[in-house]
Participant: 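Can you read through this structure? Questions will come right after.
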Amino acid sequence: MEKTFQPRDVEQRWYQLWEQRGYFAPASENPKTANSAGDPFCIMIPPPNVTGSLHMGHAFQHTIMDALTRYQRMNGKNTLWQVGTDHAGIATQMVVERKLAAESNQSRHDLGRDAFIDKIWEWKESSGGTITQQMRRLGNSVDWPSERFTMDDGFYAGVQQAFIQLHEQGLIYRGKRLVNWDPKLQTAISDLEVENKDSKGSMWHIRYPLADGAKTADGKDYLIVATTRPETLLGDTGVAVNAKDPRYKDLIGKFITLPLINRRIPIIGDDHADMEKGTGCVKITPAHDFNDYEVGKRNKLSLINILSRDGMIRSIAEVFDCEGNVSTDYDNQLPEQYAGLERFAARKAVVADIDALGLLDDVKAHDLSVPYGDRSNVVIEPMLTDQWYVDAKTLAKPAIEAVEDGSVKFVPKQYENMYFSWMREIQDWCISRQLWWGHRIPAWYDEEGNVYVGFDENNVREKHSLASEIKLTQDDDVLDTWFSSALWTFGTLGWPEITERLKTFHPTSVLVTGFDIIFFWVARMMMMTMHFMKDENGKPQVPFETVYVTGLIRDEAGQKMSKSKGNVLDPLDMIDGISLEALLEKRTGNMMQPHLQEKIGKRTQKEFPEGIAAHGTDALRFTLAALASTGRDINWDMNRLEGYRNFCNKIWNAARYVLMNIEGQECAADNSQNYQLSLADKWIISQLQKTETAIRKHFDEYRFDLASQALYDFIWNEYCDWYLELSKPILADPNASTELQIGTRRTLARVLEATLRLAHPIMPFITEEIWQSIAPYAGINVSSDKDNGEEHSIMLQAYPTPDASKIDIEAVADIEWVQAVVIAVRNIRGEMNISPALALPVYFSNVSSQDQSRIESCGQLIQALAKVESLTCLKVGDEKPASATQLVGELEIMVPLAGFIDKDAELARLDKEIAKLDKEIGRLAGKLGNSGFVAKAPADVVAKEQQKLADAEDAKRRLQTQQQQLDEL
RNA sequence: ACGACCGUAGCUCAGUUGGUUAGAGCACUACCUUGACAUGGUAGGGGUCGGUGGUUCGAAUCCACUCGGUCGUACCA
């Protein structure tokens, strides 16, 4: 074995082997294991965006999913980790558009829809594999042969089926509504994709002249409305006042002459107008504001759309009545000076013209939050368009109940509130998008505008008995990407076909995802799945039983990782390492905002002056697991990664030690040899059982941080620090019995072997690599026997199960005593600055019979671990040498001064010890002196405290005696 | 404005239903190349658990208020 662990050498070798041998497939589909396949366990991957590459958040979630999958696979479950990618409508379309523009200076319109979609597929074939390769590097045990893509034929058919069925059931409808419109991408987006940003703007107060000579109560011939978007006045169809407002209530039913355009619009009474707020008068623009839209509907106001789809002022407005039908109630001519003006330029022009007319009453600075498209980063415009909607309220009902009654559980639980709050106020879901890349809406229109829904044109004609001469055209729009990913859990398993997999693995077991997509994805999967999937009794099936919600991975300063901040870390760079030059290129090359380049470069240089060292996949995974306390964001810490890389090396070297000592030696692998277990053997075996219990519990409770901690603690602080050291004196002792040495070798091998299995779900590679060498010494045959098809991998071994009968309480107590004595001697050595090379004579006094027998049975261990030259027990009455003293319970441990201990140093050390005890005694005495405590605290607690006080007082007394004696010398 | 979460050692984080002297890793100090490992060993230093008040015999833990931070939702004529 190499002296240090070299992850690069082992990782890919094992991954390829696992994949080739089909170890990731469900046991039920492997002829060798089909009969013994246990209960199903299934995780659906949140499909990564096909345009993307894996970031630290993926690495984190994938580590958790893989750990769960491997853990359950080793527990004998029939496991499936279903993999796939999402077509990511807008994102992918934008990537390919940009590429097209860069390469041939063409737009997608130059190319045409079909040719453009071909381009996307080409691009997907050539670059869509990035993620899957990265997942292989992370060791993810996903079932590759069944990988799905949301635009695959089978999945596509499922999406169409879902749409058609929902439409037939009246749960999908088409309507003219206000939507969030992205003028740059020219599509509707959902309000979840809108990001509200605070900004400083103005509030313009505008005079609206009253028509027909009407006057306000105080004699004015105008009303004042306030607005942050003055250009929308071109679309005003009313002014609202509160019907209770004494200032204006008499004006209700009268009219305003809209400035600039001389449109005669009614004054209406509506509660939307708040008497306390502003002037009490509100301009109503139903086609360009969500609140006004509702007011308009209530008051039967017309809708006037003044904007084109790209956010320019139209020359001719679109006028509709309150039902959305084309109307001639108003003149559709808009002032020509604004025609074709971009909306923000129009704002300026309108304000200037109003001012010129003397109608600008006031302008005030105003803080407001402005909606931006999260992809396009332009201001979103409420826009009146025809769109398809899902009746979300109906679908949400059972989905809410499933969480209420515990059919679906969130971990941590508090996310259920977030889910409820959204689901209970859910609005109908706009599912059409004006894009080319996606699932095209399976709806056709005849020339009268009648809609027919079906799988394809023929199917539609047949279904509706349409003559072949009737011309049909398919809807141009595609479905929201989340519509298809809402079908993910059952669509990937073959639905609408009822496949074996669907029957076996649905509902799935656990969903691992970020809190940021609970609304986007989790809630929608709940709605769709429960609508389409029913069990044999017709009861809706949930998509998954548990939702494990992860936090975000942030940088070390708690900042979100983003390209524009230049603080993004690539998980593969943690694994393989990267030079500073390459990292700089990665962070600053090909930037959308070149002006940030210098800042990011400097920051990177400062943070990683040497680049990043290679740490290996196992260290990365262990770090992520160790930081995964539930539901909390993680501030990434390179130092922890380094610490856990060292941990990998520690395991490696422990294995090296074990192999060095068992190779070519008898270790009772097949139990054909007699062996005897030492106290140390029994102790480490006991500790192993406890660790197994703890780690299983932690996995079952999704506490990967605690599982990692328990593993780390056992391997480093028990197995390496103590057990390996305890094994040395036995193996090195020429007088030790053969049986005892065999027992030690056997324990070295078997405990390590079990520990590797314990660690495997988190650290798959290093455990497999070592396991292959160690397992034969633990009685496991690992050679591939092609004839009977036997193949061995730690992946397919059983997860360790604790055996309470192997816990030897006495051995544990004995070794803990040994540890205490060894630490006592080491403490003296350390505090007295005695060279570790120097073997010390040690005296014991106040020796109980139990101490006596322990000294006899374990003296050799103490000598070896504390570097002690001789052990001498003093009898009662024997004169104690002048020495440095430590206490282990009643037992006094002494290292004589002669030769190596400075008297003053020892006196000072005793002072320190006594001061510590004094503090303790004071605290305990105070507590026990409190009558309330003694009277009310449980008896065992009081007794415990009393014992502690007595022990501390006794220890103090003896240290003081010691101090006195020393002082008198 | 409302809600959720967070605030524990220099840094990143644990701390189970209230009950040893509040833990870990990294960093720090001293000593050490000892035959698994210097990506290491041994010993040590470091925290009034954001603040105030309360409940309790006892509070990092429960309650109220408060300060700071993150996120979400709402409002924004």
Side-chain angles (χ1 to χ4, degrees), chain A residues 1 3-5 196 201 203 205 224-229 239-240 272-274 277-284 289 291-292 366-370 412 414-415 417-418 421-422 425 515-516 519 551-552 554 556 558 560 613 615 619 623 626-627 629 631-661 701 703 705-706 709 712-713 717 720-721 724-725 728 732 823 826-837 867 916 919-920 923-924 927 930-938 940-942 944-945 948 952:
Chain A
M1 280 177 95
K3 201 170 167 184
T4 52
F5 174 51
N196 290 305
M203 179 71 79
H205 293 244
I224 298 174
V225 298
T227 180
T228 56
R229 298 191 297 154
V239 171
H272 174 65
D274 185 337
K277 236 183 204 170
T279 60
C281 307
V282 189
K283 69 192 269 306
I284 302 297
D289 182 283
N291 286 318
D292 292 4
H366 186 72
D367 296 334
L368 71 169
S369 72
V370 180
Q414 74 242 22
Y415 285 104
N417 291 332
M418 192 168 158
S421 71
W422 190 68
E425 277 165 56
F515 66 92
D516 48 335
F519 306 145
L552 249 49
R554 300 167 175 278
E556 52 284 345
K560 238 180 191 166
H615 294 84
T623 307
L627 292 171
S629 50
R632 211 183 139 127
D633 284 357
I634 290 176
N635 292 358
W636 182 249
D637 182 1
M638 287 300 292
N639 291 322
R640 283 194 82 149
L641 179 63
E642 199 182 323
Y644 293 128
R645 180 203 53 177
N646 297 351
F647 178 52
C648 291
N649 193 53
K650 190 75 178 175
I651 298 174
W652 184 257
N653 274 286
R656 254 185 94 209
Y657 169 81
V658 173
L659 282 172
M660 283 167 69
N661 281 287
E701 292 172 352
R703 288 303 301 266
D705 56 333
L706 299 181
Q709 181 65 44
Y712 187 97
D713 200 51
N717 300 329
C720 291
D721 280 356
L724 294 191
E725 295 306 320
K728 287 175 187 175
I823 287 169
R826 283 174 178 172
N827 176 268
I828 292 173
R829 189 191 291 278
E831 297 265 307
M832 295 296 121
N833 253 325
I834 301 168
S835 155
K867 185 100 179 166
K916 235 189 232 174
K919 207 174 136 197
E920 166 94 353
R923 196 182 56 82
L924 288 164
K927 206 166 181 180
N930 179 344
S931 56
F933 174 71
V934 181
K936 295 193 184 172
D940 60 320
V941 173
V942 177
K944 229 157 88 185
E945 299 292 299
K948 274 190 291 188

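Hydrogens, waters and symmetry mates are skipped; everything else that's a heavy atom, side chains included, is used. Since the structure is predicted, the reported quantities are computational estimates derived from the model, not experimental observations. Residue numbers begin at 1 in each chain, while the letters A, B, ... track the order of the sequences.
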Participant: Name the nucleic acid region contacted by A:Ala935, choosing base, sugar-phosphate or nothing; use a 4.0 angstrom heavy-atom cut-off, strictly under.
Facilitator: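 The answer is nothing, as A:Ala935 stays clear of every strand by at least 4.0 Å.
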
Participant: What contact category does A:Thr227 fall into here, base, sugar-phosphate, or nothing, at under 4.0 angstrom with non-hydrogen atoms?
Facilitator: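 Touches sugar-phosphate only.
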
Participant: Which part of the nucleic acid, if any, lies within contact of A:Lys650, taking any heavy atom under 4.0 Å across all strands shown: a base, the sugar-phosphate backbone alone, or nothing?
Facilitator: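 It contacts base atoms.
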
Participant: Select one nucleotide: of B:rA24, B:rA36, B:rC57, the one nearest the side-chain heavy atoms of A:Arg640.
Facilitator: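 Of the candidates, B:rA24 comes closest.
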
Participant: Indicate whether OP1 or OP2 belonging to B:rA30 is found under 4.0 Å from a side-chain N or O atom of A:Arg829.
Facilitator: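 For B:rA30, neither OP1 nor OP2 has a side-chain N or O of A:Arg829 closer than 4.0 Å.
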
Participant: Sort out the partner of B:rG25 for me: Watson-Crick or G-U wobble, both distances under 3.5 Å, none otherwise.
Facilitator: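 Check on B:rG25: paired to B:rC11, both distances under 3.5 Å.
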
Participant: What distance, rounded to whole Å, do you find between the two C1' atoms, one in B:rC49 and one in B:rG3?
Facilitator: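 It comes out at 26 Å once rounded to the nearest Å.
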
Participant: Contact class for A:Tyr415 vs. all strands (heavy atom < 4.0 Å): base, sugar-phosphate, or nothing?
Facilitator: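 Answer is nothing: A:Tyr415 stays at 4.0 Å or more from every strand.
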
Participant: For atom P, what is the distance between B:rG7 and B:rU16, given to the nearest Å?
Facilitator: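 Between the two P atoms, the distance is 12 Å.
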
Participant: Could you let me know what B:rA77 is paired to, Watson-Crick or G-U wobble, both distances under 3.5 Å, or none if it's on its own?
Facilitator: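 Pairing partner: none.
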
Participant: State whether the distance check finds a donor on one side and an acceptor on the other, under 3.5 Å, for side chain A:Lys3 versus base B:rC37.
Facilitator: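 Not at all, since no donor on one side and acceptor on the other fall under 3.5 Å apart.
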
Participant: Please classify the nucleic acid contact of A:His272 as base, sugar-phosphate, or nothing, using heavy-atom distances under 4.0 Å.
Facilitator: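 Base contact - A:His272 has a heavy atom under 4.0 Å of at least one base atom.
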
Participant: Please answer whether the main-chain N or O of A:Lys867 pairs with a side-chain N or O of A:Arg829 as donor and acceptor at a distance below 3.5 Å.
Facilitator: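 Checking the backbone N and O of A:Lys867 against the side chain of A:Arg829, a donor-acceptor pair under 3.5 Å is found.
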
Participant: Rounded off to whole Å, could you give me the CG-to-C1' distance for the A:Leu552 and B:rC5 pair?
Facilitator: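 From A:Leu552 CG to B:rC5 C1': 13 Å.
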
Participant: Find the distance A:Asp705:CG to B:rA24:C1' and express it as a whole number of Å.
Facilitator: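 Roughly 11 Å, once rounded to whole Å.
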
Participant: Could you tell me the separation between the NZ atom of A:Lys728 and the P atom of B:rG40, rounded to a whole number of Å?
Facilitator: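 Spelled out: NZ on A:Lys728 to P on B:rG40 is 15 Å.
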
Participant: Of the nucleotides B:rA36, B:rG19, B:rC71, which one has an atom closest to the side chain of A:Phe515?
Facilitator: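 For A:Phe515, the side-chain atoms sit closest to B:rC71.
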
Participant: First locate atom CE of A:Met638, then atom OG1 of A:Thr623, and finally report the distance between them rounded to the nearest 0.5 Å.
Facilitator: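 The OG1 atom of A:Thr623 is 9.0 Å from CE of A:Met638, to the nearest 0.5 Å.
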
Participant: By nearest atom, which of the nucleotides B:rC57, B:rG44, B:rA36 is closest to the A:Asn827 side chain?
Facilitator: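 It is B:rG44.
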
Participant: It should be established whether A:Asn930 places a side-chain nitrogen or oxygen under 4.0 Å from OP1 or OP2 of nucleotide B:rG58.
Facilitator: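 For B:rG58, OP1/OP2 do not have a side-chain N/O of A:Asn930 under 4.0 Å.
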
Participant: Provide the distance between the two C1' atoms, one in B:rU56 and one in B:rG18, to the nearest whole Å.
Facilitator: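 Rounded to whole Å, the distance is 9 Å.
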
Participant: Whole angstroms only, please: what is the CG-P distance between A:Asn653 and B:rA38?
Facilitator: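 Taking CG of A:Asn653 and P of B:rA38, I get 7 Å after rounding.
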
Participant: Which comes earlier along RNA chain B counting from the 5' end, the contact point of A:Asp633 or that of A:Lys944, where each point is its nearest nucleotide?
Facilitator: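 So the residue in question is A:Asp633.
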
Participant: Using the P atom on both, measure B:rU48 against B:rC26 and round to a whole Å.
Facilitator: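 My reading of the P atoms in B:rU48 and B:rC26 gives 23 Å.
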
Participant: Taking atom C1' in both B:rC57 and B:rA64, compute the distance separating them and give it to the nearest angstrom.
Facilitator: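 To the nearest whole Å, 22 Å.
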
Participant: What integer distance in Å separates A:Asp713:CG from B:rG25:P?
Facilitator: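 Atom-to-atom, A:Asp713 to B:rG25, this comes out as 8 Å.
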
Participant: Tell me the partner of B:rC2, counting only Watson-Crick (N1-N3 plus N6-O4 or O6-N4) or G-U wobble (N1-O2 and O6-N3) with both under 3.5 Å; none if nothing fits.
Facilitator: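 The base-pairing partner of B:rC2, which may sit in any strand shown, is B:rG72.
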
Participant: Quick one: CZ on A:Arg656 to CD1 on A:Ile651, what's the gap to the nearest 0.5 Å?
Facilitator: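 Nearest 0.5 Å value for the CZ-CD1 distance: 15.0 Å.
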
Participant: In whole Å, measure the gap between the C1' atoms of B:rG58 and B:rG19 for me.
Facilitator: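 Looking at atom C1' only, B:rG58 and B:rG19 are 7 Å apart.
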
Participant: Indicate yes or no for a side-chain donor-acceptor contact from A:Asn653 to the backbone of A:Lys3 under 3.5 Å, with no hydrogens or angles considered.
Facilitator: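 Pair found, side chain donor or acceptor close to backbone of A:Lys3.
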
Participant: Students often get this wrong, so: under 4.0 angstrom with heavy atoms, is A:Asn291 touching a base, only sugar-phosphate, or nothing?
Facilitator: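 Answer is sugar-phosphate: A:Asn291 comes under 4.0 Å of backbone atoms only.
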
Participant: Whole Å only: how far is the CH2 atom of A:Trp652 from the P atom of B:rU39?
Facilitator: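 Spelled out: CH2 on A:Trp652 to P on B:rU39 is 17 Å.
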
Participant: Can you tell which of B:rA24, B:rC75, B:rG15 lies closest to the side chain of A:Arg703?
Facilitator: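 Side chain of A:Arg703 sits closest to B:rG15.
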
Participant: Return yes if some donor-acceptor pair links the side-chain N/O of A:Asn649 with the main-chain N/O of A:Phe5 below 3.5 Å, else return no.
Facilitator: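 Yes; at least one donor-acceptor contact below 3.5 Å.
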
Participant: Looking at the side chain of A:Leu627, which of B:rU12, B:rA77, B:rA36 is the nearest nucleotide?
Facilitator: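 Out of B:rU12, B:rA77, B:rA36, the nucleotide with an atom closest to A:Leu627's side chain is B:rU12.
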
Participant: Taking only the C1' atom of each, what is the distance from B:rG40 to B:rG25 in whole angstrom?
Facilitator: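 Straight-line distance between the two C1' atoms is 16 Å.
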
Participant: Among B:rC76, B:rA43, B:rC37, which is the nearest nucleotide to the side chain of A:Met203?
Facilitator: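 In terms of side-chain proximity for A:Met203, the closest of B:rC76, B:rA43, B:rC37 is B:rC76.
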
Participant: Please evaluate the base of B:rA36 for a donor-acceptor partner in the side chain of A:Glu725 within a cut-off of under 3.5 Å?
Facilitator: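 Yes, a donor-acceptor pair under 3.5 Å.
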
Participant: What is the base-pairing partner of B:rA30, counting Watson-Crick and G-U wobble geometry with both distances under 3.5 Å?
Facilitator: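 Check on B:rA30: paired to B:rU42, both distances under 3.5 Å.
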
Participant: For A:Phe515 and A:Tyr415, take the angle between the two ring planes, folded into 0 to 90°, and tell me which bin it lands in: parallel under 30, tilted 30 to 60, perpendicular over 60.
Facilitator: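 It falls in the parallel class, under 30°.
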
Participant: What nucleotide among B:rC32, B:rC75, B:rA77 has an atom nearest to a side-chain atom of A:Pro836?
Facilitator: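 When the side chain of A:Pro836 is considered, B:rC32 is the closest of B:rC32, B:rC75, B:rA77.
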
Participant: NE2 of A:His205 to CD1 of A:Ile224: how many Å apart, nearest 0.5 Å?
Facilitator: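 It comes to 8.0 Å.
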
Participant: Would you mind reading off the distance between A:Phe933 atom CZ and B:rC57 atom P, rounded to a whole angstrom?
Facilitator: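 My rounded result for the distance is 12 Å.
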
Participant: Does a sphere of radius 6.0 Å around NZ in A:Lys948 hold more than 12 heavy atoms from other residues, nucleotides or ligands, not counting ones at 6.0 Å or beyond?
Facilitator: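 Atom NZ in A:Lys948 is crowded, with more than 12 foreign heavy atoms closer than 6.0 Å.
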
Participant: Need one value for A:Gln414: base, sugar-phosphate or nothing, where a base atom within 4.0 Å counts as base even if backbone is also close, heavy atoms only.
Facilitator: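 Sugar-phosphate contact only.
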
Participant: Start at the 5' end of RNA chain B and walk down; is the nucleotide closest to A:Glu831 or to A:Asn639 reached first?
Facilitator: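 The residue whose closest nucleotide sits nearer the 5' end is A:Asn639.
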
Participant: Between B:rA77, B:rA30, B:rU20, spot the one nearest the side chain of A:Asp274, thanks.
Facilitator: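 For the A:Asp274 side chain, the nearest candidate turns out to be B:rA77.
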
Participant: The side chain of A:Arg826 is closest to which nucleotide in this list: B:rU42, B:rU12, B:rA4?
Facilitator: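 Closest nucleotide to the A:Arg826 side chain: B:rU42.
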
Participant: Counting the atoms with a prime plus P, OP1 and OP2 as sugar-phosphate, which does A:Thr228 contact under 4.0 Å by heavy atoms, base, sugar-phosphate, or nothing?
Facilitator: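 Here A:Thr228 touches the backbone only, sparing every base.
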
Participant: Taking atom P of B:rU12 as reference, at what distance in whole Å does atom CG of A:Asn635 sit?
Facilitator: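 Computing the A:Asn635:CG to B:rU12:P distance gives 6 Å.
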
Participant: Indicate, yes or no, whether a donor-acceptor pair under 3.5 Å links the base of B:rC31 to the side chain of A:Ser835.
Facilitator: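 No, no donor-acceptor pair under 3.5 Å.
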
Participant: Enter the distance from A:Leu641:CG to A:Asn646:CG here, rounded to the nearest 0.5 Å.
Facilitator: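 Answer rounded to 0.5 Å: 9.5 Å.
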
Participant: Hunt down the Watson-Crick or G-U wobble partner of B:rC37, both distances under 3.5 Å, from any strand shown, or write none.
Facilitator: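 Across all strands, not a single nucleotide pairs with B:rC37.
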
Participant: For B:rU61, which nucleotide is its Watson-Crick or G-U wobble mate, given both distances must be under 3.5 Å?
Facilitator: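 Per the H-bond distance test, none.
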
Participant: Would you mind telling me which of B:rU39, B:rA30, B:rC57 lies closest to the side-chain atoms of A:Asn833?
Facilitator: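 Taking heavy atoms from C-beta onward, the closest nucleotide is B:rA30.
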
Participant: Remember a base hit wins even if backbone is also touched, and classify A:Leu659 as base, sugar-phosphate or nothing at under 4.0 Å, heavy atoms.
Facilitator: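 Result for A:Leu659 = nothing.
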
Participant: Using atom C1' of each nucleotide, how far apart are B:rC75 and B:rC13 to the nearest Å?
Facilitator: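 Rounded to whole Å, the distance is 37 Å.
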
Participant: Working to the nearest 0.5 angstrom, can you tell me the gap between A:Leu552 CG and A:Trp636 CH2?
Facilitator: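 Atom-to-atom, A:Leu552:CG and A:Trp636:CH2 are 14.0 Å apart.
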
Participant: Looking at every strand, decide which applies to A:Arg554 at a 4.0 Å heavy-atom threshold: base, sugar-phosphate, or nothing.
Facilitator: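 Sugar-phosphate, no base atom in range.
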
Participant: Using a cut-off of 4.0 Å on non-hydrogen atoms, how would the nucleic acid contact of A:Cys648 be classed: base, sugar-phosphate, or nothing?
Facilitator: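 No contact at all - A:Cys648 keeps every heavy atom at 4.0 Å or more from the nucleic acid.
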
